[in-house]
Each structure stands twice: as C-alpha cells, then as structure tokens.
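Starting from 1, each residue takes its place in the sequence as its number. As the structure lists them, so they are numbered: ligands from 1, and atoms in each ligand from 1.
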Amino acid sequence: MATPDVPKTCKVILADTIAKKLLGEVREMLTKGEQAKKPTLAAFLANDDPAAGQYAEWSKKTCEENGFGFDLRKVNKEVLEEAIVAANQDDAIDGIIVYYPIWTNNQQQDRYIQETVALSKDVEGLCHTHLFNMYHNVRFLDPPTNRKKSILPCTPLAIVKALEHLQIYNPILAYGNRLFGKTITVINRSEVNGRPLAALLANDGATVYSVDITGVQVFTRGEGIRQPRHQVLDKEGWGLKDVLPLSDVVIGGVPTENFKVPTELIRDGAVCINFSSYRNFDGPAVKEKASIYVPSIGKVTIAVLLRNLVRLIDNRSAQE
Ligand SMILES: NC(=O)C1=CN([C@@H]2O[C@H](COP(=O)(O)OP(=O)(O)OC[C@H]3O[C@@H](n4cnc5c(N)ncnc54)[C@H](O)[C@@H]3O)[C@@H](O)[C@H]2O)C=CC1
Ligand SMILES: Nc1nc(=O)c2c([nH]1)NC[C@@H]1CN(c3ccc(C(=O)N[C@@H](CCC(=O)O)C(=O)O)cc3)C=[N+]21
C-alpha cells in the first residue's frame, strides 16, 4: 500500500501550555498542604534591567492568580543586603527572589548576595548548598531521612520540565537516566542558567555540549553511564559548526538581539528551545528544520518558581 504524503511540519509548543500543567500541580500541592496562611514571596528588584522588571510583573500576576502573595520590593543596591537579612527573619515571608544581575561589573558581589538569602528561603536554588547538591546529583537536604527536597534553579528546571513535556525524557528508562542517548547543545554557560542546566541534563544521562563566548565544553556522565555525577571536558577548537549537526536538542540563551543560531547547521528534526529574552532562532527558517520549536520558556520558569516555593514550605514543616 502506498504511504500517504505526510506533510513535514514543525510543531510550535508554547510555554503557556507547559506552565498551565505545572500550575495545576502546584495548586494541588497547595490544597494538600496545611498552610495556615497564603504562601508569600518577597522579590527584590535592585537593578533597572527591563527583562527583570518584566519578569517581576509577570511573576506577580501569576502568583496572585494562583493564590500566592507576591511582595515586590524595589530597593537601592546599597540597602539590599540588610533588606534580605530582614526578610530572612520575617516569618510572614516564605521565599526570597533577587533579580540578577545587580552589580553588572562585579560577579563576586552578586555571589555574596546569593549567599545572603537564607537556605530555607532560597526559592531560586542559588545558595551554595542547593548548587552543591545539584552539581553532585543529590536530591535531598537531609539524607538519609530524605524528607527535605533540595531546590533546583528555576530556569534550568523549567527547561527540564519542558523536555519532559515534549517526551525527550524517555519514561521507559529508569528515573535519573531518561536522557540516555540524547545529545543536547546549550548555548549559554552563565552560573545561574547555562552551567546548571548542562549539569542537570548530563546528570540525567545526556551528552551536553555547553557553548559560550569562549568555546565548547562537553558535560557527560562519563564512560558506561555508571558515574554518579557529570564530568566536564574542554573541546579545544570546537564551535557551533561541530556540535549543532550532532544535536537532538538545541537550547538558546544568548542575551543579545543580533545573535541567531545558524539554521543551516541544525539537524533536520531537531528540537529547538529558546530561553533568552531575545529570539535566538530565526523563527520562519527554524520551522523548516525543527520537529518542535519552543520560542520562549518564561512562563514555565514562573510556574517552577511557585513549585519551588511550595517545596520550601513543605521542607519547613518537615523540619518542625
Ligand atoms: N526565560 C527565563 O526563564 C529566563 C530568561 N533569562 C534570559 O536569558 C538570557 C541569558 O541570561 P543570563 O544567563 O543571566 O546571561 P549572562 O549574560 O550571564 O550569560 C550569557 C551567556 O551567553 C554566552 N554568550 C553570549 N554571546 C554568545 C555567543 N555569541 N555565542 C555563544 N555564547 C554566547 C556567554 O558566554 C554567557 O555564557 C537573558 O536574555 C535573560 O533575560 C534569564 C533568566 C530566566
Ligand atoms: N534571579 C533572577 N532570576 C530570573 O529568573 C531572572 C532574573 N534574575 N533576571 C532577569 C531574567 C529574565 N527573566 C524572565 C523570565 C520570564 C519572562 C517571561 O515570562 N516572558 C514571557 C514573555 C512576555 C511577553 O509576552 O513579552 C514569556 O516568556 O512568555 C521574561 C524574563 C528571568 N530572569
């Protein structure tokens, strides 16, 4: 029998679809818990980054629509540290988010602020203990009791949730190994986004090419997939031209207007995901190449933020 002509079309998946599913789960978690009061986030905005301001507005809206409190605090850089310390001690506040970057030319100072947020209120998973657990593939804060879940950074986790939704995670495989056999390129290696993302994906079994302005590194679980955590190697002289043709999934996070992933290098049928505030893929062209295209992820990030907040509250009741 002749095979009918199947049109070759790219499926565009919007963040909203994935976010709605997660928000449904979050509301369910909320009704199961026995919170006496409305879970409340304190959000510190101490820069004039338009992306951060927009993100704050979106987060506020999503919080309020889903039964969460969102307390936006616009503060001066100079008083930020003291303001965070006060929120750490305030029982009315369940989680704290700080919009980065703050000191654009001083990463050390931003790191210091990340550490100022109390571990029990670190809704973005950026405190050292949370980062250490993520990089070491440790899921709980209190082994061997395992009642307190370690928090994962919002944007990397949002991308993992998107990949689960798209069934790039293969549920036939064992949990923790569901990306085995997949090759993924992540274009961005910042400490808050690209690097944790590459580590998470490698910890789940993928081969991850992590690309930044300086070059390419490969994150894997090592030979024979038996390593408990990822390993990193430099790929001297490699560039997008080497890694894109190998990649089942391409994730763009370059924060510039004019950067575009070269469409001609993308594999036919690849899955393309953009998390940058700028469009890293040339929309019409990528739809001729990709099997699935996710043009933005922000709404999923916000859903994950709320999910993390519920986790923090559960962790606190596990403590008590
Ligand atoms: N949708 C979401 O949930 C979120 C989106 N963002 C957005 O993601 C973007 C990235 O944010 P950050 O990681 O904080 O930025 P960043 O400036 O800290 O890091 C940018 C990364 O991209 C790399 N890069 C820059 N130009 C490149 C090029 N031409 N080729 C390859 N690599 C290049 C840099 O080397 C660096 O690793 C921004 O647009 C930000 O607004 C950030 C957080 C959440
Ligand atoms: N500590 C920290 N954590 C962050 O996660 C963080 C940050 N700092 N600094 C700024 C960037 C930027 N960012 C965005 C998240 C969502 C949307 C978002 O929801 N965008 C909508 C688009 C809105 C529209 O329609 O224009 C979407 O993707 O659907 C945008 C931007 C988080 N950031």
Exercise for the section: For Tyr112, look at atom OH and say whether over 12 heavy atoms of other residues, nucleotides or ligands are found less than 6.0 Å away. Expected result: no
Practice task
Report the part of Thr256 (side chain from C-beta onward, or backbone N, CA, C, O) that has a heavy atom under 4.0 Å from ligand 1; answer both or neither where that applies.
Solution key: neither
Handout entry: Numbered atoms of ligand 1 (with element) below 4.0 Å of Gly298, judged on heavy atoms
Key = 1 (N), 3 (O)
Practice task
Could you tell me the residue and atom name of the protein heavy atom closest to atom 15 (O) of ligand 1, and the distance to it rounded to 0.1 Å?
Solution key: Pro255 CG, 3.9 Å
Problem - Ser276 near ligand 1 by a heavy-atom separation under 4.0 Å - result: yes
Completion exercise
atom 25 (C) of ligand 1 sits nearest the protein heavy atom Val254 CG1, 3.8 Å
Fill in the blank from the handout: Among non-hydrogen protein atoms, atom 3 (N) of ligand 2 lies closest to Glu124 OE2, 3.0 Å
Completion exercise
Which of Asp142, Thr129, Asn133 passes side-chain hydrogen bond (donor to acceptor under 3.5 Å, both in side chains) with Ser150? It is Asn133
Exercise for the section: Look at atom 20 (N) of ligand 2 and say which protein heavy atom is nearest, naming residue and atom and giving the distance to 0.1 Å. Expected result: Gly298 CA, 4.2 Å
Handout entry: Parallel, tilted or perpendicular: ring planes of His136 versus Phe132, cut at 30 and 60 degrees
Key = parallel
Exercise for the section: Apply the side chain to side chain contact (heavy atoms under 4.5 Å, CB included) test between Lys289 and each candidate in Asp282, Leu265, Ile266; give the one that qualifies. Expected result: Ile266
Handout entry: Whether Gly253 lies under 4.0 Å from ligand 1, heavy atom
Key = yes
Exercise for the section: Consider every N or O of Ile213 and every N or O of ligand 1, then say whether any pair is closer than 3.5 Å. Expected result: yes
Problem - Contact check, Ile297 vs ligand 1, heavy-atom distance below 4.0 Å - result: yes
Problem - Top protein contact for atom 44 (C) of ligand 1, by heavy-atom distance - result: Thr155 OG1, 2.9 Å
Exercise for the section: Please write down residue, atom name and distance for the protein heavy atom closest to atom 13 (O) of ligand 1. Expected result: Ser190 OG, 2.6 Å
Practice task
Considering the heavy atoms of Ala51, write down every atom of ligand 1 situated less than 4.0 Å from one of them.
Solution key: 41 (O)
Exercise for the section: Consider every N or O of Phe275 and every N or O of ligand 1, then say whether any pair is closer than 3.5 Å. Expected result: yes
Practice task
Salt-bridge test for Lys61 and Glu65: reply yes if a basic N is under 4.0 Å from a carboxylate O, no otherwise.
Solution key: yes
Handout entry: Shared hydrophobic cluster, Phe275 / Val160 (ILVMFWY, side-chain heavy atoms < 4.5 Å)
Key = yes
Practice task
Distance to 0.1 Å, residue and atom name: give those for the protein heavy atom nearest to atom 27 (C) of ligand 2.
Solution key: Ser296 OG, 3.6 Å
Problem - Minimum-distance protein heavy atom relative to atom 36 (C) of ligand 1 - result: Arg189 N, 4.0 Å
Fill in the blank from the handout: protein heavy-atom neighbour closest to atom 26 (O) of ligand 2 works out as Gln54 NE2, 3.0 Å
Handout entry: For atom 9 (N) of ligand 2, the protein heavy atom that lies nearest, with its residue and separation
Key = Tyr100 O, 2.9 Å
Fill in the blank from the handout: Nearest non-hydrogen contact to atom 11 (C) of ligand 2 from the set Trp58, Phe44, Tyr55, Tyr99 belongs to Tyr55
Exercise for the section: List the steps, then state whether salt bridge (charged side-chain N to carboxylate O under 4.0 Å, His left out) holds for Arg267 with Asp248. Expected result: CA-CA 7 Å; Arg267 252 191 49 192; Asp248 304 298; 2.7 Å; yes
Problem - Polar contact flag, side-chain donor to acceptor under 3.5 angstrom, Gln217-Lys235 - result: no
Handout entry: Minimum-distance protein heavy atom relative to atom 42 (C) of ligand 1
Key = Asn193 ND2, 3.5 Å
Handout entry: Salt-bridge contact Asp94-Arg316 (side-chain N to carboxylate O under 4.0 Å)
Key = yes
Practice task
Could you walk me through whether Asp314 and Arg147 pass the salt bridge (charged side-chain N to carboxylate O under 4.0 Å, His left out) test, one step at a time?
Solution key: CA-CA 9 Å; Asp314 289 348; Arg147 289 192 62 195; over 6 Å; no
Practice task
Please work out which of Leu240, Val300, Asp212 has its closest non-hydrogen atom nearest to atom 32 (N) of ligand 1.
Solution key: Asp212
Fill in the blank from the handout: If we number the atoms of ligand 1 from 1 as shown, the ones under 4.0 Å from a heavy atom of Ser277 are 7 (C), 38 (C), 39 (O), 40 (C), 41 (O)
Problem - Numbered atoms and elements of ligand 1 in range of Thr301, under 4.0 angstrom, heavy atoms - result: 2 (C), 3 (O)
Enumerate donor-acceptor pairs with a distance under 3.5 Å from any side-chain N or O in residues 41-58 to protein atoms, sequence neighbours excluded.
from, atom 1, to, atom 2, distance (Å)
Asn47, OD1, Asp49, N, 3.2
Asn47, ND2, Pro101, O, 2.6
Asp49, OD1, Ala51, N, 2.9

Exercise for the section: Would you mind telling me which of His130, His128, Gln114 makes a side-chain hydrogen bond (donor to acceptor under 3.5 Å, both in side chains) with Asp122? Expected result: His130
Practice task
Find out whether Lys161 and Leu22 are in side-chain contact, i.e. whether some heavy atom of one side chain is under 4.5 Å from a heavy atom of the other.
Solution key: yes
Practice task
Mark up the atoms of ligand 1 that fall under 4.0 Å of a heavy atom belonging to Ile187, in ascending order.
Solution key: 31 (C), 32 (N)
Practice task
Looking only at distances, please establish whether an N/O atom of ligand 2 is found under 3.5 Å from an N/O atom of Val98.
Solution key: yes
Exercise for the section: In plain terms, say whether Asp204 and Arg221 are close enough for a salt bridge, that is, a side-chain N and a carboxylate O under 4.0 Å apart. Expected result: no
Problem - Ionic contact status for Arg73 with Asp71, cut-off 4.0 Å - result: yes
Handout entry: Nearest non-hydrogen protein atom, atom 30 (N) of ligand 1
Key = Phe259 CE1, 3.9 Å
Exercise for the section: Examine ligand 2 and decide if any of its atoms is less than 4.0 Å from a heavy atom belonging to Ile97. Expected result: no
Exercise for the section: Report, as yes or no, whether the 6.0 Å neighbourhood of atom CZ on Arg111 holds more than 12 heavy atoms from other residues, nucleotides or ligands. Expected result: yes
Exercise for the section: Select the closest option to atom 10 (C) of ligand 2 among Pro153, Ala158, Ala52, judged by heavy-atom distance. Expected result: Ala52
